Each structure stands twice: as structure tokens, then as C-alpha cells.
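Report on the following structure.
Not measured: the values here are computed from a predicted model. Counting starts at 1 for both ligands and their atoms, in listed order.
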Amino acid sequence: TDYAEQLKTEIRLLLKQKNAVLVAHYYTDPVIQALAEETGGCISDSLEMARFGRDAEQQTLVVAGVKFMGETAKILSPEKTVIMPTLEATCSLDLGCPIKEFSAFCDAHPDRIVVVYANTSAAVKARADWVVTSSIALEIVEHLDSQGKKIIWGPDRHLGAYIQKETGADMLMWDGECIVHDEFSAQALLKAKHLHPDAAVLVHPESPASVVEMADAVGSTSQLIKAATELPNQKFIVATDKGIFYKMKQLSPNKEFIEAPTAGNGATCRSCAHCPWMAMNGLEAMRDALVSHEGKEIFVDETLRLRALVPLDRMLGFAA
Ligand code: 13P
Ligand code: SF4
């Protein structure tokens, strides 16, 4: 629409004026992803977002995603201004892992090393020995397991179960889930596979084990996008947030991408394969955040930041 075009023009201008860069996740609206790409920002998975934000020359980072991504950016670059279209965009994993309870859980098992998913608050990261994202979780747990470490894993139980199965590591799990991926249904996927027998199945490991078991490729958003370009299939059934189709279609315009079915349909699914918090990142909110940072800027307490930086740096060092 004209209004959307006007907002994009304003954002392009404001980014230049404010020496700011857009860092967007693959689950955000295609309009946002295209804008990030066009203006020299990035669209990527959680690990790449953290790296890009840390290495960016610009003084201001506009993080389009959910709150933990903004916090991670601020923890890594305290000298930068980090703003988000909305600070209300949270994550069911973050919400389901309050620091007080998680900390007590860790205290009860002092013999275990604490590994947390990036989808957590700064406070939970500060309590952890390691932070991981889905693209590096397997390698890091493998590494810790090879050193004989016993692990506390939080908060995503599906990702945890997948890693435990792959590595055989001793992992004590926190009981959390992503409301988007938890809803993919193995039963419905089986039917979809019968309808499309030539399709490869791509699954994000935040999905239930029964769905992961049916996958031809399992991985983070960027790993699934890569698999879609590399696998010879012409058709893919994709079990992750539908925001990812933007990049998949861009890289493989002649391939067909089909949404994996959720347990409910239209009226009954909770998220219907799109994260409600990612969806809060709109053009208007982004323009407003660039005009006035008020209520849109990420701050992390300095003591907490320094503690959370340790496991984050550990992850980035391992991934390098
Ligand atoms: P990745 O992009 O790291 O795979 O993360 C997925 C996710 O759920 C982010 O909210
Ligand atoms: Fe959290 Fe799931 Fe949304 Fe990602 S898709 S932000 S894991 S609720």
C-alpha cells in the first residue's frame, strides 16, 4: 500500500540519519526482511544476529525479532543503542523460564553444568555456564559430554530431547516449549507426506520428537534454509515458522514450499505456524522506534550484563 511505501521511505532515511542498521530474524514479516536486506542489514538466525550486531559499525542496532535477541545484542555491545519495534515481543520459552525458579533448579543440582538456550532472559543467561542457539547446540553439548560433564538444560524440552538423543549426554531438562513448534503434529504430517510423497521434510528441533523423527533435515532456521537449497527435492514440507518461506523462496524460486500442518486448524491452533511475538514487528512500530527511542530501547543492568556476557562469549568463541 501507499502507507507501507511511505513508512519504508521514512525508515530508510532514519536509518541513515541515525547511523542505524536493521538486524532481523527469519520469522519476521517478509516486508521487514526485505528492508533489512535492501538497507545493508541482515536477516538471519539467532546466532548470526548476535554476531552481526556485535560486529556492526553502526552506533544503533534496530533489532526486529523478540526481546531476547535485543538483549543479546545489548549484552554484546553495551556501547551501542539497541532499539526494537516493540519491547512487548517476548517468547514462550523466555516466559516459561523465570529466573527465580530456574536458579533454584540449578542450585538443587550443583554437580551439573548449566546450558541455556538463547531464547531466555539476560538474568537466566547470567545464571548459565553456556548459552547455545539451535545452530550450535548439538556441537556444544557433544563437546561438554566428551569432557564427562553432566548438564542442566533449559528451557526447551523438545530441543533438549533431540540433543540428548543425538549425543547421549546426561541432561536434566527444564520443562519449556515454543508455542509455535510444539503445535506441529506428526499425525497430520504423515498425511501431508502421503499427499506429497516426493517432498523432503524440514524440521526445526523445537518441534516434538515425533515430528523431528520424520525429518529429512533438522536444524536452525539458517540450516533449514541451506538444506532447502542443497537437497535435490523440488518440494518441501517445512515445520517451522512460516516467516522462513521468504528466504527459502528467494533462494530457490523454482521449488515448492508447503507449511507443515499444526495440530489444530484455523480456529483451533494457538499460533498456526507463526509466532505472535515475531508478528508484532511492523513497519509503523519500527518507524516510531527510530523517531523516538522512548519505551523502545533495551537496557541491561551492568552487573547482570557482565555475568551474561561470559556464557555468550563462550558460545561465540566456540562457534568461531
Ligand atoms: P534460530 O533462528 O536460531 O533457529 O531460532 C529459532 C527461534 O525460534 C527463534 O525464535
Ligand atoms: Fe519463542 Fe517460538 Fe516465537 Fe521463537 S517462534 S520467539 S521460540 S515462541
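Looking at Ser185 and Leu189, their side chains never come closer than 4.5 Å, going by heavy atoms from C-beta outward. For the pair Leu316 and Arg54, the minimum side-chain heavy-atom distance is below 4.5 Å. With a 4.5 Å cut-off on side-chain heavy atoms, Lys296 and Met84 do not count as touching.
Residues Lys149 and Asp170 are not paired through a salt bridge, judged by the lack of any N-O separation under 4.0 Å between the basic side chain and the carboxylate. For the pair Glu38 and Arg12, the salt-bridge criterion is met [side-chain N within less than 4.0 Å of a carboxylate O]. Taking a cutoff of 4.0 Å between a charged side-chain nitrogen and a carboxylate oxygen, Asp111 and Lys150 qualify as a salt bridge. The residues Asp107 and Arg127 are annotated as salt-bridged, a charged nitrogen and a carboxylate oxygen being separated by less than 4.0 angstrom.
Sorted by chain and number, the protein atoms of type N, O or S within less than 2.8 Å of atom 3 (Fe) of ligand 2 are Cys275 SG.
The ring of Tyr162 has its center no closer than 6.0 angstrom to the ring center of His158.
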Give one line per pair: atom of ligand 1, protein atom, distance. Only N/O to N/O under 3.5 Å.
| residue | atom | partner | partner atom | Å |
| --- | --- | --- | --- | --- |
| ligand 1 | 2 (O) | His25 | NE2 | 2.7 |
| ligand 1 | 2 (O) | Ser46 | N | 3.4 |
| ligand 1 | 2 (O) | Thr221 | OG1 | 2.6 |
| ligand 1 | 3 (O) | Ser46 | N | 3.3 |
| ligand 1 | 3 (O) | Ser46 | OG | 2.8 |
| ligand 1 | 3 (O) | Ser134 | OG | 3.3 |
| ligand 1 | 4 (O) | Ser134 | OG | 2.8 |
| ligand 1 | 4 (O) | His204 | NE2 | 2.8 |
| ligand 1 | 4 (O) | Thr221 | N | 2.9 |
| ligand 1 | 5 (O) | Ser46 | OG | 3.2 |
| ligand 1 | 8 (O) | Glu206 | OE1 | 3.4 |
| ligand 1 | 8 (O) | Glu206 | OE2 | 3.0 |

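If you check the side chains of Glu183 and Ser271, you find a donor sitting under 3.5 Å from an acceptor.
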